[in-house]
Amino acid sequence: VRGVLQFERSPHGYCYRRTVASAASLSSPEGICCAHGSLYLACVDRGVIVRLALAAGALLEETRPFEGTAGEMYVYWGMALGPDGHLYVAAHVSEEGGHYLRP
């Protein structure tokens, strides 16, 4: 499954509840954050951040891949919501010189 799965806590641990969102565009997720009534998902192979509706899992928004001033491609590996309400994303520059390019 490519996408976001929801689990709920039970007396025996966590058990699968439902698939929130599933699509080829949600491949290689490496980070997820819940904020502002949305789920934010970092997709490594496409170099984008996707925003999904928390309840329905519908695609609300997708960023464009971010390239640095020298043309290097930034790869997103995780994210967190800061106390100031901003979304912070851990990223590094692709060492392969564009291995993670937009589709």
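Between the CZ atom of Arg17 and the CD atom of Glu8 there is a distance of 5.5 Å, given to the nearest 0.5 Å. Atom CD of Glu61 is separated from atom OG of Ser38 by 8.5 Å, given to the nearest 0.5 angstrom. Of the inter-residue distances, the one linking Ile49 atom CD1 with Met79 atom CE reads 4.5 Å to the nearest 0.5 angstrom.
Remark: the backbone N or O of Leu5 is not paired with any side-chain donor or acceptor of Thr19 at under 3.5 angstrom.
Leu39 has its side chain within reach of Cys34: a pair of non-hydrogen atoms, C-beta onward, lies under 4.5 Å apart. Side-chain contact check for Leu60 versus Leu52: every heavy-atom pair is 4.5 Å or farther apart. Counting heavy atoms from C-beta on, the side chains of Ile32 and Tyr40 never come closer than 4.5 Å.
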- Go through the steps for Cys33 and Leu87 under the test side-chain contact (heavy atoms from CB on, under 4.5 Å), then give the verdict. CA-CA 9 Å; Cys33 182; Leu87 186 65; 3.9 Å; yes
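No path of Ile, Leu, Val, Met, Phe, Trp and Tyr side chains, each step under 4.5 Å between heavy atoms, connects Leu41 with Leu81, placing them in separate hydrophobic clusters.
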